[in-house]
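Below is one structure; the comments refer to it alone.
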Amino acid sequence: MTIPAPLADVLAEIGDRFPELADDPVLARSLLENVTSMIADAHERYAAGAADGSIVSDRYLDPDHLATGALHAEHAQHPAGAMLAAEMLFDAYLPVFVDEVGASTTEQVLRAARALHAGVWSRFPAGAIAYTEALRQRVTTTNLDSRAQIARDLHDRVAHGVLAGLQRLDLVLLTDPPPAERTDQLEAAGRLLRAALTDVQDLAVSLHARVGDDRLDDALRRHVDDLFPGDDRLTITTTGTPGVLPNWKAEEALTILLEALTNRRKHAPGSTAVVTVEWTTAAVVAVVRDDGPGFTPGADADGRLGQRTMRERAGILGARLDVESAPGAGTTVRLTVPRGSL
């Protein structure tokens with residue numbers, strides 16, 4: 001597809017401001033298609049004399065625009081970025097558009113401005129609605145997955161540990177074994193029940209994870225002290241200039257990191273783990289790395305280790321979650337959270 005030079009200049013300017021659009025082939029193609037469609041629509045409006053008014057937000061729910069909003073949500077592109085790109089398009093292309101339609105009088109220039117405005121902004125109601133709906137569905141899915149995981153933990157870990165401990169106690173009471181064997185059975189029951197109690201405490205701390213007024217790394221240290229007291233094989237370091245994330249982002253990020261550390265205790269007990277939190281101007285990058293047995297990545301591992309829920313939470317944040325592991329090679333979980341006020 002041949003792109004006219006003026007349009008190519010505008011797209012290059014938008015690409016410089018939003019490199020994530022230019023670098024992603026799907027988003028770059030969507031941007032080109034949408035901008036081309038906006039300008040064609042503006043030309044049709046001007047030619048038809050249908051741009052007497054430029055208020056369009058109450059009239060458009062085009063399926064193509066809904067699909068664009070859903071695509072942006074899938075790629076964690078907030079509507080605010082699209083709105084800024086639209087402002088850049090309008091500002092940079094208006095003189096070109098005025099020249100293209102041959103507007104010379106003040107009335108014609110005003111009509112051209114209204115036509116271009118309507119062509120650009122008619123996309124946003126549907127796009128914003130689709131983006132919001134996609135996020136709502138993602139939040140609902142994440143909450144349902146979290147509830148399902150809690151139910152599995154209660155059934156598979158807590159209930160199993162309590163039942164096994166009670167069976168040891170019943171065995172002692174019913175068989176009246178010799179003193180030495182009786183002591184062994186009681187100690188085994190105690191270990192099982194204490195492990196079940198630890199699982200309940202872990203769930204309680206995870207459910208009540210709060211960042212509050214702390215920075216993300218400070219809140220993580222506080223919760224680690226509660227969840228893993230005395231664990232001298234776990235260290236947390238901070239690099240860069242620490243800052244403050246929007247509270248809702250920090251809460252979700254904290255939940256993801258605590259889940260990664262809880263997985264380490266479940267599946268790599270006794271391993272050495274290092275958490276690094278790197279603050280940059282663009283993002284916060286938190287890495288949880290252990291030298292445990294590792295695992296083979298795949299769908300089964302995603303479900304067993306709670307990665308599906310972690311990925312859903314990262315998606316809500318507009319963050320990226322990468323998990324690297326292999327048998328005998330340890331596990332690395334990397335969470336990249338974009339900084340900003342949204």
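Below, each value reflects all heavy atoms present in this structure, side chains not excepted, and no hydrogens, waters or symmetry copies.
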Please list every donor-acceptor pair under 3.5 Å in which a side-chain atom of residues 314-325 meets a protein atom from a residue at least two apart or in another chain.
unit_1: Arg320; atom_1: NE; unit_2: Asp322; atom_2: OD1; d: 3.1
unit_1: Arg320; atom_1: NE; unit_2: Asp322; atom_2: OD2; d: 3.0
unit_1: Ser325; atom_1: OG; unit_2: Phe295; atom_2: N; d: 3.0
unit_1: Ser325; atom_1: OG; unit_2: Phe295; atom_2: O; d: 3.4
unit_1: Ser325; atom_1: OG; unit_2: Gly330; atom_2: O; d: 3.0
unit_1: Ser325; atom_1: OG; unit_2: Thr331; atom_2: OG1; d: 3.0

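Here Asp290 contributes atom CG and His267 contributes atom NE2; the two are 11.0 Å apart, rounded to the nearest 0.5 Å. The structure places CZ of Phe228 at 7.0 Å from CG of Leu258, a figure rounded to the nearest 0.5 Å. We find the CE-CD distance between Met310 and Glu259 to be 6.0 Å, quoted to the nearest 0.5 Å. Remark: Arg289 CZ to Thr272 OG1 distance equals 13.0 Å, nearest 0.5 Å. How far CG of Leu245 is from CD of Glu252: 12.0 Å, rounded to the nearest 0.5 Å. Rounding to the nearest 0.5 Å places CD1 of Ile256 at 10.5 Å from CZ of Arg311.
In plain terms, the two heavy atoms of Gly292 and Ala268 that are nearest each other are CA-CB, 3.8 Å. Taking all atoms of both residues into account, the shortest heavy-atom contact from Pro242 to Arg215 is CB-NE, 3.0 Å. Residues Ala189 and Gly165 approach most closely at CB-O, 3.5 Å, considering heavy atoms. Residues Ala113 and Leu94 approach most closely at CA-CD1, 3.8 Å, considering heavy atoms.
At least one side-chain heavy atom of Val101 sits under 4.5 Å from a side-chain heavy atom of His43. Side-chain contact between Gln307 and Val333: absent, with no pair of heavy atoms (C-beta onward) separated by less than 4.5 Å. Arg233 has its side chain out of reach of Ser271: every pair of non-hydrogen atoms, C-beta onward, lies at least 4.5 Å apart. Counting heavy atoms from C-beta outward, Val275 and Leu257 have side chains that stay 4.5 Å or more apart. Between Leu254 and Leu216, some side-chain heavy-atom pair lies under the 4.5 Å cut-off. Side-chain contact between Trp279 and Thr241: absent, with no pair of heavy atoms (C-beta onward) separated by less than 4.5 Å. Between Arg334 and Thr332 the shortest side-chain heavy-atom distance falls below 4.5 Å. Side-chain contact between Leu220 and Ile236 is present, with heavy atoms from C-beta onward closer than 4.5 Å.
The cluster map of Ile, Leu, Val, Met, Phe, Trp and Tyr, joined by side-chain heavy atoms under 4.5 Å apart, puts Val274 and Leu261 in different clusters. Connection of Leu192 to Leu163 is not established within any shared hydrophobic cluster, with ILVMFWY side chains joined at heavy-atom distances below 4.5 Å, either directly or through further cluster members.
Remark: side-chain polar atoms of Gln108 are paired, donor with acceptor, to backbone N or O of Ser104 under 3.5 angstrom. No donor-acceptor pair under 3.5 Å is formed between the side chain of Arg264 and the backbone N or O of Pro269.
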From CA spacing to verdict: side chain to side chain contact (heavy atoms under 4.5 Å, CB included), Glu251, Thr255 = CA-CA 6 Å; Glu251 295 287 353; Thr255 300; 5.6 Å; no
Start with the C-alpha gap between Glu278 and Val284, add the side-chain angles, then the distance that decides, and say whether side chain to side chain contact (heavy atoms under 4.5 Å, CB included) holds.
-> CA-CA 6 Å; Glu278 178 186 6; Val284 183; over 6 Å; no
Worked verdict on Val337 versus Lys249 for side chain to side chain contact (heavy atoms under 4.5 Å, CB included) | CA-CA 8 Å; Val337 184; Lys249 282 191 174 184; 4.3 Å; yes
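Ion pair Asp217/Arg222 not flagged as a salt bridge, since none of the NZ, NE, NH1 or NH2 atoms sits closer than 4.0 Å to an Asp/Glu carboxylate oxygen.
Grouped with Val287 in one hydrophobic cluster are Val285, the linkage being side-chain heavy-atom contacts under 4.5 Å among Ile, Leu, Val, Met, Phe, Trp and Tyr residues.
Thr238 and Arg221 share a donor-acceptor pair across their side chains, judged by distance under 3.5 Å alone.
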